[in-house]
Each structure stands twice: as C-alpha cells, then as structure tokens.
Amino acid sequence: MRMAGAISALLLAGTAWGKTPQFEIEIADHLFLPDELRIPADTKVKLVVFNRDPTPEEFESYELNREKVIMGGRSGVIFIGPLRPGLYPFFGEFNPGTAQGRIIVE
Amino acid sequence: MMLLNSVILVLREVLEAAFIVSLLLALSQGLRQGARWFAWTLPPAAMGTALFAAILDRLTEALDGAGQEVTNAAIQVLVYLFVAAIVAMAARVEARPHWRLLQGLMAGAVTLSLVREGAEIVIYITGFAADPAQRAAVFAGSALGAGIGVSVGILLYCALRAMDPTRALALCLLLLGVIASGMLMQASMLLEQVDWLPSATAVWDSSGLVSERSIAGELLYAVFGYEATPSALQLALYLSGLAVMALAWLAPRRLHSA
C-alpha cells in the first residue's frame, strides 16, 4: 500500500500532452511518503496530499508559499510552480518533529 | 519538543488576530467610541470558529478542492475592505461619520480575523485531544502561546493609548493599512495554490537576508505580510492595497482643503 503510494508519487500521473503533471504524497504516522519529490523546473504541477492519519495535518512550506489544512482521512490538492531549479522543503505544521519533506526542482 | 511546537503554532495565529484587535480597540477608544462593539464580536466569533472548524473537511472538497483556500481568501479580502472603509471614516472625523457604521465595520473585521485564526487553533488542539501521549504538551503549549500573543496585543494597545492622541491615530491607521494590504497579498497566494490565479516565479528571494522561519521573519509577516519570495502579481496587489489605503486616508482631506 505504502510502496504503491511511493511508486505512484514518483511517476507522472498526467502523461497526456498539455495536462498538468500530477504527483501524490501520503501522510502516515506523521511522516510524508515519499519525503522527497522530484518535479520539472518551470512547470506547474498538481500535488495531491492524502492524509492517512486520523488526525489533521497542515501541509506548509515557506519556500513554496503554500499552507493547507488536511483533515484526518482526507486529501487535499495543492498546485505548485512554475519554480526555478532548487530545493524546496515542506513540513507538517502540526507534527514538525517528524513530518518533514522536500521537493527537488530540476 | 511538542510543547514548543504548540507555543509557536498558536502564537503565530494569535499574533495576527491580536494586532488587528488591539489596533481597532485603540482606534475606537481614541475616537471616543468605546470598546462595547468588541463584546458583540465574541459570540459570533466563537460560533463562526466552531462552525468553520467543523465543516472544514467538507469545505476543503468544495469547488473542486479549492473551497478551503477560496473561503480563507474571501475572509482576508473582506477584512481588507472593512479596514479600508474604517481608515476612510476615521481619517475624517470632522465630517461626523456614521459612528454606528464605523463600530459595525470594526466588529466585522475583528469577527472575521478571530474566526480565521481561531479555526486553525481549534482544529490543531482537537486533533490532539484524543492522543494521551501528546495531549498535555499540546494543551500547555497552546495556552502559553495564546497567553504570549494576547500579552503582546495588550502591550500594543497600552502603548498606543499612552501616546499623544493625534500620533496614536496616525500610527493606528498606518499599521492597519499595512497589515490589511499584507492580507490582500496572502489571499492571492491562497488563490494561486488552487490555480484560481496564475502562479509565477518569484521576483526576488530575500530568504538569505530575512528568513520567513526566523523570529524577525515571523514578526515582519504578521505586520507587513512579509514574503521572502513574492511574485510580480503579489507585489502589485500589495502596492495597490497600500495605494488604496493611502487614498482612503488622505484623499478626503485634500478634497476638503481644495
């Protein structure tokens, strides 16, 4: 289940031309799976965050200028980019001790 | 660790609302309008906060997943508009403004600010209420964070009331205008997040100078809506927001003297 989530997150879901590439991340046990995403530079991408925990989490990133509360057992859509190549950390504001991840734009 | 996280999270939310509340209360007292309207805001703010927190999961899925951002952005734009109207009225008291309307606008701006910041705190605290291992730290940290935030607000209020009234009025209007313009910019970021507004690359990156993670960055964010990596659209909105505030403040006087 988690493995499948991790693999699907690494693959571009939207391969059709002109479609916004889609990536998926899961939150489980206050961890991001995967905790590292590679996305193309200068491209807008759609990120779907599934919260598998029963507790709420807030996806937050200062570098990406993004913040979104995702309730327990729910999912949320966040568009990011176009971005310059670089490292963009994100974290779960409700559990910053464990929920840490990064997006690598290349 | 959890204790400190809770202090920081709640403090951040409380500070943003505390600045608006303190500035409007000081402004109201300075204009001899009392603080009674503030008491009226508490029941609707409490109900609004509980409702917002309760329906957030359904709200998030509304509008093709854009509901949470669109609602928050709408609240921020409304607060901006209320503050612009307050600034325009407070800047020309010699024209005898409609005091009831002014109090209503202040109550509206405070209620919306409290609901927005309060809902996140409620979601955070209730999320941990069922977790016996974390509960105590989260409750204690949240109480501490709220206490510090409210204290800063009270300090700001007292400082403004101790100042020369003319100066205090000007400072209130200035800070309100700047904070509200920052909210307008934050609203545009929320709409970019759900692709309702086009997203663009940042015009600059000042995170090396002042990181948004630092205490200075957080304070600058709470007052000026500081963004280390703003886009051209965000900058344009911020500057237009300030320009409209300046007009609301200064234009009536120019017309009077003309």
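Numbers restart at 1 for each chain; the letters A, B, ... are given by sequence-line order, proteins then strands.
Residues A/V48 and A/I25 fail the side-chain proximity criterion, which asks for heavy atoms closer than 4.5 Å. Side-chain contact between B/L114 and B/L42 is present, with heavy atoms from C-beta onward closer than 4.5 Å.
The candidate with the highest count of non-hydrogen atom pairs below 4.5 Å against chain A, out of B/V138, B/L9, B/L190, is B/L9. Most heavy-atom pairs under 4.5 Å with chain B, from the set A/V69, A/I78, A/L83: that is A/V69.
B/L11 and B/G145 make their closest contact through CD1-O, 3.6 Å (heavy atoms, listed as atom of the first residue, atom of the second, distance).
For residues 139-156 of chain B, no pair satisfies salt bridge (charged side-chain N to carboxylate O under 4.0 Å, His left out), with sequence neighbours left out.
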Could you please show the donor-acceptor pairs under 3.5 angstrom between chain B and chain A, with distances rounded to 0.1 Å?
unit_1: B/R12; atom_1: NH1; unit_2: A/Y62; atom_2: OH; d: 3.0
unit_1: B/R12; atom_1: NH1; unit_2: A/E93; atom_2: OE2; d: 3.0
unit_1: B/R12; atom_1: NH2; unit_2: A/E60; atom_2: OE2; d: 3.2
unit_1: B/D57; atom_1: OD2; unit_2: A/R74; atom_2: NH2; d: 3.3
unit_1: B/E61; atom_1: OE1; unit_2: A/R74; atom_2: NH1; d: 3.1
unit_1: B/E61; atom_1: OE2; unit_2: A/R74; atom_2: NH1; d: 3.0
unit_1: B/G65; atom_1: O; unit_2: A/K68; atom_2: NZ; d: 3.0
unit_1: B/Q68; atom_1: OE1; unit_2: A/V69; atom_2: N; d: 2.9
unit_1: B/Q68; atom_1: NE2; unit_2: A/V69; atom_2: O; d: 2.7
unit_1: B/E69; atom_1: OE1; unit_2: A/K68; atom_2: NZ; d: 3.2
unit_1: B/E69; atom_1: OE2; unit_2: A/K68; atom_2: NZ; d: 3.0
unit_1: B/Q193; atom_1: O; unit_2: A/F79; atom_2: N; d: 2.7
unit_1: B/Q193; atom_1: OE1; unit_2: A/E67; atom_2: N; d: 3.1
unit_1: B/Q193; atom_1: NE2; unit_2: A/E67; atom_2: O; d: 2.9
unit_1: B/D195; atom_1: OD1; unit_2: A/K44; atom_2: NZ; d: 3.0
unit_1: B/D195; atom_1: OD2; unit_2: A/K44; atom_2: NZ; d: 2.9
unit_1: B/S199; atom_1: OG; unit_2: A/G81; atom_2: O; d: 3.0
unit_1: B/A202; atom_1: O; unit_2: A/R84; atom_2: NH1; d: 3.4
unit_1: B/A202; atom_1: O; unit_2: A/R84; atom_2: NH2; d: 3.0
unit_1: B/E218; atom_1: OE2; unit_2: A/Y62; atom_2: OH; d: 2.8
unit_1: B/E227; atom_1: OE1; unit_2: A/N65; atom_2: ND2; d: 3.3
unit_1: B/T229; atom_1: O; unit_2: A/N65; atom_2: ND2; d: 3.2
unit_1: B/T229; atom_1: OG1; unit_2: A/N65; atom_2: ND2; d: 3.3

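Aromatic ring centroids of A/F90 and A/F32 lie under 6.0 Å apart.
Take B/L184 and apply the side chain to side chain contact (heavy atoms under 4.5 Å, CB included) test, not counting sequence neighbours, and it matches B/V77, B/Y80, B/L237. Listed by chain and number, the residues in a side chain to side chain contact (heavy atoms under 4.5 Å, CB included) with B/L175 are B/L23, B/L171, B/V223 (sequence neighbours excluded).
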